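Below is one structure, written out as C-alpha coordinates; the observations come after it.
We use all heavy atoms of the structure for the numbers below, so side chains are in, but hydrogens, waters and symmetry mates are not. Treat the numbers as computed from the prediction; the structure is a model and nothing was measured.
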Amino acid sequence: MRALVWHGKSDVRCDTVPDPIIEDPRDIIVKITSTAICGSDLHLYDHYMPAMEKGDILGHEPMGEVVEVGSAITKFQKGDRVVIPFTICCGECFFCKKELWSCCDHTNRDKEKAEKLMGHAPAGLFGYSHLTGHYPGGQAEYLRVPYADVSPFKVENDSLTDEQVLFLSDIFPTGYMAAENAEIEPGDTVAVWGCGPVGQFCVQSAWMLGAGRVIAIDRVPERLEMARNHGRAETINFEKSDGTVYERIQEMTGGRGADRCIDAVGAEAHATGSFDALLDKTKASVFLATDRAHVLREAIWCCRKGGTISVPGVYIGFTDKIPFGASMNKGLTMKTGQTHIKRYTQKLLDKIDSGEIDPSFGYSQLSAGRTA
(Lines give C-alpha, C1' and ligand atoms only; values in the text may rest on other atoms or scores of the structure.)
Protein backbone atom coordinates (compact mmCIF):
# COMPACT_ATOMS: atom_id res chain seq x y z
CA MET A 1 0.00 0.00 0.00
CA ARG A 2 0.97 3.68 -0.17
CA ALA A 3 1.50 5.70 3.00
CA LEU A 4 3.02 8.95 4.25
CA VAL A 5 6.31 8.04 5.90
CA TRP A 6 8.64 10.06 8.13
CA HIS A 7 12.29 10.04 7.02
CA GLY A 8 13.68 12.89 9.13
CA LYS A 9 13.22 16.56 9.83
CA SER A 10 11.20 18.22 7.04
CA ASP A 11 11.29 14.95 5.09
CA VAL A 12 7.96 13.14 4.66
CA ARG A 13 7.46 10.91 1.61
CA CYS A 14 4.70 8.87 0.04
CA ASP A 15 6.22 5.37 0.10
CA THR A 16 5.11 1.86 -0.73
CA VAL A 17 4.98 -0.15 2.51
CA PRO A 18 3.66 -3.58 3.53
CA ASP A 19 -0.10 -3.90 3.97
CA PRO A 20 -1.19 -4.31 7.60
CA ILE A 21 -2.47 -7.70 8.76
CA ILE A 22 -4.50 -8.98 11.71
CA GLU A 23 -2.02 -9.53 14.56
CA ASP A 24 -4.41 -10.03 17.48
CA PRO A 25 -8.02 -11.27 17.79
CA ARG A 26 -9.07 -7.75 18.88
CA ASP A 27 -7.76 -6.15 15.65
CA ILE A 28 -9.62 -4.86 12.64
CA ILE A 29 -8.21 -3.67 9.30
CA VAL A 30 -9.74 -0.49 7.87
CA LYS A 31 -9.53 0.81 4.31
CA ILE A 32 -9.06 4.54 4.79
CA THR A 33 -11.57 6.76 3.00
CA SER A 34 -10.69 10.08 4.68
CA THR A 35 -7.89 11.30 6.91
CA ALA A 36 -6.59 14.65 8.10
CA ILE A 37 -3.34 16.42 8.90
CA CYS A 38 -3.01 17.49 12.52
CA GLY A 39 -1.07 20.46 13.82
CA SER A 40 0.75 18.04 16.10
CA ASP A 41 2.00 16.38 12.90
CA LEU A 42 3.94 19.60 12.43
CA HIS A 43 5.85 18.81 15.63
CA LEU A 44 6.92 15.58 13.93
CA TYR A 45 7.72 17.27 10.62
CA ASP A 46 9.79 19.92 12.40
CA HIS A 47 11.28 17.18 14.62
CA TYR A 48 10.42 18.88 17.88
CA MET A 49 8.84 15.66 19.13
CA PRO A 50 11.57 13.17 20.10
CA ALA A 51 11.73 9.42 19.47
CA MET A 52 10.74 9.45 15.82
CA GLU A 53 12.38 6.83 13.62
CA LYS A 54 12.86 6.65 9.86
CA GLY A 55 10.02 4.64 8.34
CA ASP A 56 7.29 5.68 10.82
CA ILE A 57 3.86 5.99 9.14
CA LEU A 58 2.10 9.23 10.10
CA GLY A 59 -1.50 10.16 10.75
CA HIS A 60 -3.96 9.91 13.61
CA GLU A 61 -7.27 11.35 12.32
CA PRO A 62 -8.68 8.63 10.01
CA MET A 63 -11.93 6.93 9.11
CA GLY A 64 -12.89 4.29 6.62
CA GLU A 65 -14.45 0.91 5.82
CA VAL A 66 -13.80 -2.28 7.78
CA VAL A 67 -12.27 -4.91 5.46
CA GLU A 68 -11.02 -7.52 7.97
CA VAL A 69 -12.17 -8.44 11.46
CA GLY A 70 -10.30 -10.26 14.24
CA SER A 71 -11.87 -13.35 15.76
CA ALA A 72 -12.69 -11.62 19.08
CA ILE A 73 -14.51 -8.68 17.46
CA THR A 74 -18.31 -8.75 17.58
CA LYS A 75 -18.81 -4.97 17.45
CA PHE A 76 -17.97 -4.64 13.72
CA GLN A 77 -18.31 -6.57 10.52
CA LYS A 78 -16.90 -6.14 7.03
CA GLY A 79 -18.34 -3.13 5.26
CA ASP A 80 -19.00 -1.07 8.39
CA ARG A 81 -18.11 2.61 8.17
CA VAL A 82 -16.03 3.60 11.18
CA VAL A 83 -14.28 6.60 12.71
CA ILE A 84 -11.00 5.82 14.49
CA PRO A 85 -10.04 8.04 17.46
CA PHE A 86 -6.35 8.81 17.77
CA THR A 87 -6.10 7.29 21.26
CA ILE A 88 -5.70 3.51 21.60
CA CYS A 89 -7.43 2.20 24.72
CA CYS A 90 -7.66 -1.23 26.34
CA GLY A 91 -10.96 -0.62 28.13
CA GLU A 92 -9.86 -2.65 31.14
CA CYS A 93 -7.21 -0.76 33.13
CA PHE A 94 -7.67 1.62 36.08
CA PHE A 95 -7.64 4.69 33.82
CA CYS A 96 -10.01 3.36 31.17
CA LYS A 97 -12.51 2.41 33.87
CA LYS A 98 -12.35 6.04 35.10
CA GLU A 99 -12.91 7.25 31.49
CA LEU A 100 -9.43 8.76 31.43
CA TRP A 101 -8.98 7.13 28.05
CA SER A 102 -5.84 8.96 26.92
CA CYS A 103 -4.10 7.72 30.08
CA CYS A 104 -4.62 4.01 29.31
CA ASP A 105 -2.02 1.89 31.08
CA HIS A 106 -1.79 -1.03 28.65
CA THR A 107 -1.55 0.25 25.07
CA ASN A 108 1.75 2.17 25.02
CA ARG A 109 4.28 -0.33 23.66
CA ASP A 110 7.19 1.99 24.56
CA LYS A 111 6.07 2.96 28.04
CA GLU A 112 9.59 2.68 29.48
CA LYS A 113 10.80 5.46 27.15
CA ALA A 114 7.86 7.69 28.06
CA GLU A 115 8.30 7.06 31.78
CA LYS A 116 11.89 8.32 31.61
CA LEU A 117 10.71 11.60 30.11
CA MET A 118 7.35 12.08 31.84
CA GLY A 119 7.31 9.95 34.98
CA HIS A 120 4.39 7.90 33.67
CA ALA A 121 3.43 6.82 30.16
CA PRO A 122 0.32 8.05 28.32
CA ALA A 123 -1.79 5.79 26.10
CA GLY A 124 -0.66 4.53 22.74
CA LEU A 125 -1.46 6.87 19.84
CA PHE A 126 -1.70 6.24 16.12
CA GLY A 127 0.98 7.62 13.82
CA TYR A 128 3.04 9.41 16.42
CA SER A 129 6.28 9.25 18.37
CA HIS A 130 7.78 6.09 19.83
CA LEU A 131 7.02 7.73 23.18
CA THR A 132 3.40 6.84 22.43
CA GLY A 133 3.82 3.27 21.23
CA HIS A 134 5.06 3.55 17.60
CA TYR A 135 1.74 2.47 16.06
CA PRO A 136 1.56 2.99 12.28
CA GLY A 137 -0.82 5.81 11.42
CA GLY A 138 -3.79 6.47 9.20
CA GLN A 139 -2.29 8.64 6.46
CA ALA A 140 -2.22 5.43 4.47
CA GLU A 141 -4.45 3.25 2.33
CA TYR A 142 -5.06 0.75 5.14
CA LEU A 143 -4.75 0.78 8.93
CA ARG A 144 -4.56 -1.96 11.54
CA VAL A 145 -6.67 -0.89 14.52
CA PRO A 146 -5.77 -2.73 17.76
CA TYR A 147 -8.22 -2.94 20.68
CA ALA A 148 -10.90 -2.23 18.08
CA ASP A 149 -13.69 -3.26 20.46
CA VAL A 150 -13.08 -0.13 22.56
CA SER A 151 -12.65 3.26 20.86
CA PRO A 152 -13.61 3.07 17.15
CA PHE A 153 -17.28 3.63 16.44
CA LYS A 154 -19.65 2.88 13.60
CA VAL A 155 -21.36 5.68 11.68
CA GLU A 156 -24.94 4.42 11.47
CA ASN A 157 -26.39 7.42 9.62
CA ASP A 158 -25.50 6.94 5.97
CA SER A 159 -26.61 10.49 5.14
CA LEU A 160 -23.66 11.94 7.06
CA THR A 161 -20.65 12.63 4.87
CA ASP A 162 -17.06 11.82 5.81
CA GLU A 163 -16.49 15.56 6.14
CA GLN A 164 -19.16 15.78 8.83
CA VAL A 165 -17.86 12.94 11.02
CA LEU A 166 -14.11 12.73 10.32
CA PHE A 167 -13.26 15.37 12.90
CA LEU A 168 -14.71 13.13 15.64
CA SER A 169 -11.40 11.26 15.37
CA ASP A 170 -9.65 14.13 17.14
CA ILE A 171 -10.24 17.83 16.72
CA PHE A 172 -13.94 18.22 17.54
CA PRO A 173 -13.67 16.24 20.81
CA THR A 174 -10.37 18.03 21.49
CA GLY A 175 -12.00 21.43 21.12
CA TYR A 176 -14.98 20.33 23.21
CA MET A 177 -12.87 18.87 26.02
CA ALA A 178 -10.76 22.05 26.02
CA ALA A 179 -13.89 24.13 26.51
CA GLU A 180 -15.15 21.73 29.18
CA ASN A 181 -11.79 21.89 30.97
CA ALA A 182 -12.05 25.68 30.95
CA GLU A 183 -14.96 25.33 33.41
CA ILE A 184 -17.08 27.85 31.52
CA GLU A 185 -19.93 29.37 33.49
CA PRO A 186 -22.94 31.10 31.89
CA GLY A 187 -21.98 34.50 30.54
CA ASP A 188 -18.21 34.01 30.82
CA THR A 189 -15.74 35.74 28.52
CA VAL A 190 -13.62 33.02 26.90
CA ALA A 191 -10.35 33.86 25.12
CA VAL A 192 -9.06 31.30 22.60
CA TRP A 193 -5.47 31.49 21.34
CA GLY A 194 -5.16 29.87 17.90
CA CYS A 195 -7.84 29.79 15.19
CA GLY A 196 -6.82 26.59 13.44
CA PRO A 197 -9.30 23.69 13.43
CA VAL A 198 -9.01 22.93 17.17
CA GLY A 199 -9.32 26.61 17.99
CA GLN A 200 -12.41 26.86 15.77
CA PHE A 201 -14.01 23.95 17.64
CA CYS A 202 -13.01 25.52 20.96
CA VAL A 203 -14.95 28.62 19.88
CA GLN A 204 -17.99 26.57 18.83
CA SER A 205 -17.86 24.50 22.01
CA ALA A 206 -17.53 27.54 24.26
CA TRP A 207 -20.90 28.74 22.99
CA MET A 208 -22.40 25.28 23.53
CA LEU A 209 -21.24 25.40 27.16
CA GLY A 210 -22.75 28.80 27.91
CA ALA A 211 -20.12 31.43 27.12
CA GLY A 212 -21.41 34.98 26.93
CA ARG A 213 -18.55 36.21 24.81
CA VAL A 214 -15.68 34.61 22.87
CA ILE A 215 -12.45 36.35 21.84
CA ALA A 216 -10.30 34.58 19.22
CA ILE A 217 -6.60 35.42 18.79
CA ASP A 218 -4.49 34.62 15.71
CA ARG A 219 -2.52 36.31 12.93
CA VAL A 220 -3.95 34.55 9.84
CA PRO A 221 -6.76 36.64 8.27
CA GLU A 222 -8.67 33.63 6.91
CA ARG A 223 -8.69 31.92 10.28
CA LEU A 224 -9.84 35.07 12.04
CA GLU A 225 -12.57 35.54 9.43
CA MET A 226 -13.81 32.00 10.06
CA ALA A 227 -13.87 32.62 13.82
CA ARG A 228 -15.93 35.77 13.21
CA ASN A 229 -18.30 34.40 10.57
CA HIS A 230 -18.81 30.83 11.79
CA GLY A 231 -17.89 31.26 15.44
CA ARG A 232 -19.44 34.67 16.20
CA ALA A 233 -16.19 35.56 17.96
CA GLU A 234 -14.59 38.91 18.48
CA THR A 235 -11.07 38.74 17.12
CA ILE A 236 -7.56 40.03 17.76
CA ASN A 237 -4.90 39.91 15.06
CA PHE A 238 -1.78 40.03 17.23
CA GLU A 239 0.39 41.21 14.34
CA LYS A 240 -1.85 44.15 13.47
CA SER A 241 -3.46 45.03 16.77
CA ASP A 242 -3.07 48.41 18.43
CA GLY A 243 -1.35 47.30 21.62
CA THR A 244 -0.45 43.87 22.93
CA VAL A 245 -2.93 41.03 23.32
CA TYR A 246 -2.90 41.67 27.06
CA GLU A 247 -3.71 45.35 26.53
CA ARG A 248 -6.51 44.55 24.10
CA ILE A 249 -8.09 41.98 26.43
CA GLN A 250 -7.81 44.38 29.35
CA GLU A 251 -9.58 47.00 27.26
CA MET A 252 -12.26 44.56 26.07
CA THR A 253 -13.02 43.26 29.59
CA GLY A 254 -12.91 46.54 31.50
CA GLY A 255 -9.63 45.61 33.17
CA ARG A 256 -10.82 42.33 34.70
CA GLY A 257 -9.26 39.93 32.21
CA ALA A 258 -10.78 36.93 30.45
CA ASP A 259 -12.67 34.52 32.70
CA ARG A 260 -11.43 31.44 30.82
CA CYS A 261 -8.39 31.14 28.56
CA ILE A 262 -7.71 28.31 26.09
CA ASP A 263 -4.25 27.69 24.61
CA ALA A 264 -5.03 25.91 21.32
CA VAL A 265 -1.52 26.58 19.98
CA GLY A 266 1.06 24.69 22.01
CA ALA A 267 4.77 24.21 21.52
CA GLU A 268 5.42 26.07 18.28
CA ALA A 269 3.79 29.41 19.01
CA HIS A 270 4.56 32.33 16.74
CA ALA A 271 4.77 35.81 18.17
CA THR A 272 6.22 39.01 16.83
CA GLY A 273 8.20 41.59 18.70
CA SER A 274 7.99 40.11 22.19
CA PHE A 275 11.22 39.41 24.04
CA ASP A 276 10.08 36.02 25.34
CA ALA A 277 9.20 34.82 21.82
CA LEU A 278 12.59 35.84 20.49
CA LEU A 279 14.26 34.08 23.42
CA ASP A 280 12.23 30.90 22.79
CA LYS A 281 13.14 30.89 19.10
CA THR A 282 16.81 31.41 19.82
CA LYS A 283 17.01 28.70 22.47
CA ALA A 284 15.09 26.21 20.32
CA SER A 285 17.38 26.86 17.36
CA VAL A 286 20.42 25.77 19.39
CA PHE A 287 18.59 22.88 21.11
CA LEU A 288 18.50 24.54 24.53
CA ALA A 289 14.70 24.33 24.64
CA THR A 290 11.95 22.24 23.04
CA ASP A 291 8.93 24.52 23.33
CA ARG A 292 8.02 28.08 22.36
CA ALA A 293 5.62 28.80 25.21
CA HIS A 294 4.65 32.40 24.45
CA VAL A 295 0.90 31.64 24.35
CA LEU A 296 0.89 29.86 27.70
CA ARG A 297 2.69 32.80 29.31
CA GLU A 298 0.29 35.25 27.70
CA ALA A 299 -2.77 33.26 28.79
CA ILE A 300 -1.57 33.30 32.40
CA TRP A 301 -1.06 37.06 32.13
CA CYS A 302 -4.46 37.69 30.52
CA CYS A 303 -6.61 35.39 32.67
CA ARG A 304 -8.60 37.09 35.41
CA LYS A 305 -8.00 36.28 39.08
CA GLY A 306 -9.61 32.98 40.01
CA GLY A 307 -9.99 32.03 36.34
CA THR A 308 -9.17 28.86 34.45
CA ILE A 309 -6.63 28.07 31.75
CA SER A 310 -7.24 25.07 29.49
CA VAL A 311 -4.38 23.70 27.38
CA PRO A 312 -5.28 21.39 24.49
CA GLY A 313 -2.19 22.61 22.61
CA VAL A 314 0.59 20.00 22.51
CA TYR A 315 3.77 20.66 24.50
CA ILE A 316 6.89 18.56 24.14
CA GLY A 317 9.22 18.82 27.10
CA PHE A 318 10.52 21.48 29.47
CA THR A 319 8.97 24.89 28.92
CA ASP A 320 10.97 27.92 30.01
CA LYS A 321 10.17 31.17 31.84
CA ILE A 322 6.60 30.25 32.82
CA PRO A 323 5.17 32.94 35.19
CA PHE A 324 4.10 30.40 37.78
CA GLY A 325 4.17 33.05 40.50
CA ALA A 326 1.46 34.96 38.63
CA SER A 327 -0.56 31.77 38.24
CA MET A 328 -0.33 30.98 41.96
CA ASN A 329 -0.98 34.49 43.24
CA LYS A 330 -3.93 35.01 40.89
CA GLY A 331 -5.43 31.70 42.01
CA LEU A 332 -5.62 30.21 38.53
CA THR A 333 -6.71 26.67 37.72
CA MET A 334 -4.97 24.90 34.84
CA LYS A 335 -6.26 21.80 33.05
CA THR A 336 -4.45 19.98 30.26
CA GLY A 337 -4.26 16.63 28.54
CA GLN A 338 -4.58 14.50 25.46
CA THR A 339 -8.27 14.12 24.67
CA HIS A 340 -10.35 11.36 26.26
CA ILE A 341 -12.15 10.96 22.95
CA LYS A 342 -14.37 8.00 23.82
CA ARG A 343 -15.95 10.12 26.57
CA TYR A 344 -17.33 12.54 23.96
CA THR A 345 -17.98 10.66 20.72
CA GLN A 346 -21.63 9.72 21.26
CA LYS A 347 -22.53 13.12 22.70
CA LEU A 348 -20.93 14.98 19.79
CA LEU A 349 -22.22 12.55 17.17
CA ASP A 350 -25.73 13.24 18.53
CA LYS A 351 -25.11 16.97 18.08
CA ILE A 352 -24.11 16.37 14.45
CA ASP A 353 -27.09 14.05 13.85
CA SER A 354 -29.49 16.63 15.27
CA GLY A 355 -28.04 19.45 13.16
CA GLU A 356 -26.86 21.44 16.18
CA ILE A 357 -23.43 21.63 14.53
CA ASP A 358 -22.07 20.70 11.12
CA PRO A 359 -18.29 20.14 11.45
CA SER A 360 -17.86 20.37 7.69
CA PHE A 361 -18.14 24.18 7.81
CA GLY A 362 -15.16 25.65 6.00
CA TYR A 363 -13.86 22.11 5.45
CA SER A 364 -11.25 23.03 2.82
CA GLN A 365 -9.77 25.65 5.12
CA LEU A 366 -9.87 23.47 8.23
CA SER A 367 -8.15 20.64 6.38
CA ALA A 368 -5.16 22.88 5.75
CA GLY A 369 -3.80 22.35 9.26
CA ARG A 370 -4.36 22.47 12.98
CA THR A 371 -2.59 24.69 15.51
CA ALA A 372 -2.66 22.21 18.35
Side-chain contact, heavy-atom cut-off 4.5 Å: [X] with [Y]?
X    : Y    : answer
F153 : K342 : no
M226 : E222 : no
Q200 : C195 : yes
I217 : V192 : no
L296 : M334 : yes
P221 : L224 : no

Inter- and intrachain pairs under salt bridge (Lys or Arg N to Asp or Glu O under 4.0 Å), touching residues 299-308, at least two apart: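 Residue pairs with at least one partner in residues 299-308: D259-R304.
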Any pair counted as salt bridge (Lys or Arg N to Asp or Glu O under 4.0 Å), so long as it reaches residues 15-24, sequence neighbours left out: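 Passing the test, one end in residues 15-24: E23-R144.
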Qualifying side chain to side chain donor-acceptor pair (under 3.5 Å) pairs with a residue from residues 76-85, counting only residues at least two apart or across chains: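 Residue pairs passing side chain to side chain donor-acceptor pair (under 3.5 Å), neighbours aside: D80-K154, R81-D162.
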Pairs where residues 204-217 contributes a residue and the test side chain to side chain donor-acceptor pair (under 3.5 Å) is met, not counting sequence neighbours: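 Those involving residues 204-217 are R213-E234.
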Sequence neighbours excluded - ring-ring contact (aromatic ring centres under 6.0 Å, His included) pairs with any residue from residues 104-142: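 Qualifying pairs, neighbours excluded: H60-Y128, H130-H134.
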Path from Y344 to F95 over hydrophobic side-chain contacts below 4.5 Å: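 Looking at the clustering, F95 is in a separate group from Y344.
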T35/Q139 under side chain to side chain donor-acceptor pair (under 3.5 Å): CA gap, chis, key distance, verdict: CA-CA 6 Å; T35 189; Q139 290 171 11; 5.1 Å; no
Without swapping roles, check the side chain of [X] against the backbone of [Y] for a donor-acceptor pair under 3.5 Å.
X    : Y    : answer
S129 : L131 : yes
S310 : A178 : yes
K335 : E180 : no
R26  : V150 : no
E141 : R2   : yes
D188 : I184 : no
K75  : P152 : yes
S360 : Q164 : no

Check against side chain to side chain donor-acceptor pair (under 3.5 Å), N237 and S241: CA-CA 6 Å; N237 184 329; S241 174; over 6 Å; no
Between H230 and F361, ring centroids under 6.0 Å: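 H230 vs F361: aromatic centres under 6.0 Å.
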Sequence-distant partners of E99, salt bridge (charged side-chain N to carboxylate O under 4.0 Å, His left out), two or more places apart: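 Counting only residues at least two positions away or on another chain, E99 forms no salt bridge (charged side-chain N to carboxylate O under 4.0 Å, His left out).
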Exercise: do R343 and Y176 side chains pair donor with acceptor under 3.5 Å: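 Absent: no donor and acceptor within the cut-off.
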Greater than 12 external heavy atoms within 6.0 Å of D350's CG: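 Yes.
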